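A short write-up of the structure that comes next.
Here the structure is a predicted model, which means the values were calculated and not measured. First the proteins, then the strands, lettered A, B, ... as listed; each starts at 1.
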Amino acid sequence: DIQMTQSPASLSAEIGDRVTITCRASHDIQTSLAWYQYKPGNVPKLLIFSASSLEYGVPSRFSGSGSGTEFSLTITSLQPEDAATYYCQRYKRPPLTFGEGTKVQIK
Amino acid sequence: EVQLEESGGQWVQPGRSLRLSCAASGFAFDDFAIHWVRHVTGKGLQWVSSLNYNGDFTAYEDSVKGRFTISRDNARNLVFLQMNSLRPEDSGLYFCAKGTGVVLESSADSWGQGTQVTVS
C-alpha cells in the first residue's frame, strides 16, 4: 500500500516564526513530490514541484527539500496569509497519493 | 490565462451515475495531462484519476477503479469523469487540474473552482 505520511497534523505558530512540515513516502519517489496550499473556499495552490522547485509567483519564504522518502516544506517567516492546510503529493507513478495534510494556524 | 471549469456535480442516490465535465481554455490543451482531485471535509485532498495528454494512458485511485472512467476530447478542450455505482464515500468537491507536462505523472499547477458531488 502506497502511503504519504505528513507530520505534524496541525501546528500553531506566531507571525515571523520558522515552520517546517515533513512528508514521508512509503517508497522511494526520488524527487517526484509536490506541495500544495489549500484554504477552504479557495482552490489548491501549487507551491513546490520536483521536491524543491518554487512555483512561479510563490513567495520565496516557501522552500522544499528532500529526496527518496523524506521531504520537508519550510516557511521561513510565517505570515497571516499562510494560515491554511498544506499537502504533499507524490507523482512518481500512480497512485498519485496526497498526504493527510498539515493545518497551520496563527497564534 | 489558464481557466478550468467543472460542471455536472449534484446530489444523487447511492448506485446512480454522474458525468463530470471540465472545460479548459487559455493553454495548449492537448499538450498537458489532466487530473481529477476531490476534497472531502475532514479527510482532505484525495487524488481520483488522471490521464495523459492524448488520453492513451489513464490511472485511477483503487476505490474508484472499475467504477469511474476518465476521458478527454482534445478537439473541444474537454475532460470527462464518468462516475458509476456511486457510493456515499464518493461525496466531495471535485476539482479538475492541469498537469505540468504531457505525462500523467505530474503535479497540478492550475485548478478549477470545483463541482460538488453528494451521494446519499
Heavy-atom proximity to chain A below 4.5 Å, by part of B:Ser50: side chain
Any donor-acceptor N/O pair, B:Lys98 side chain to B:Gly112 backbone, under 3.5 Å: no
When B:Lys43, B:His39, B:His35 are compared by non-hydrogen pairs under 4.5 Å with chain A, the top option: B:His39
Part of B:Leu93 lying under 4.5 Å from any heavy atom of chain A: side chain
Aromatic ring pairing A:Tyr87/A:Phe98, orientation class (parallel under 30°, perpendicular over 60°, tilted between): perpendicular
Cluster check B:Leu86, B:Phe80: I/L/V/M/F/W/Y, side chain < 4.5 angstrom: no
For chain A, the option from B:Ser106, B:Gly44, B:Ser110 that forms the most heavy-atom pairs under 4.5 Å: B:Ser106
B:Arg38: which of B:Phe95, B:Tyr94, B:Trp47 passes side-chain contact (heavy atoms from CB on, under 4.5 Å): B:Tyr94
Audit row: A:Arg24, A:Glu70, salt bridge (charged side-chain N to carboxylate O under 4.0 Å, His left out) steps and yes/no: CA-CA 5 Å; A:Arg24 175 174 294 176; A:Glu70 299 285 338; 2.5 Å; yes
Atom group of B:Val37 that falls short of 4.5 Å from chain A, counting heavy atoms: side chain
A:Asp82/A:Arg61 ion pair, N-O < 4.0 Å: yes
B:Asn52 side chain vs B:Phe57 backbone, donor-acceptor pair below 3.5 Å: yes
Residue A:Tyr36 versus chain B: region with a heavy atom under 4.5 Å: side chain
Pick from A:Tyr91, A:Tyr38, A:Tyr56, A:Phe49 with the largest number of heavy-atom pairs that fall under 4.5 Å of chain B: A:Tyr91
Which portion of B:Gln113 sits near chain A, non-hydrogen atoms under 4.5 angstrom: both
Max heavy-atom pair count under 4.5 Å with chain B, selected residue of A:Leu46, A:Leu96, A:Val43: A:Leu96
Top contributor to chain B interface from A:Gly101, A:Pro95, A:Ala34, A:Gly99 [non-hydrogen pairs under 4.5 Å]: A:Pro95
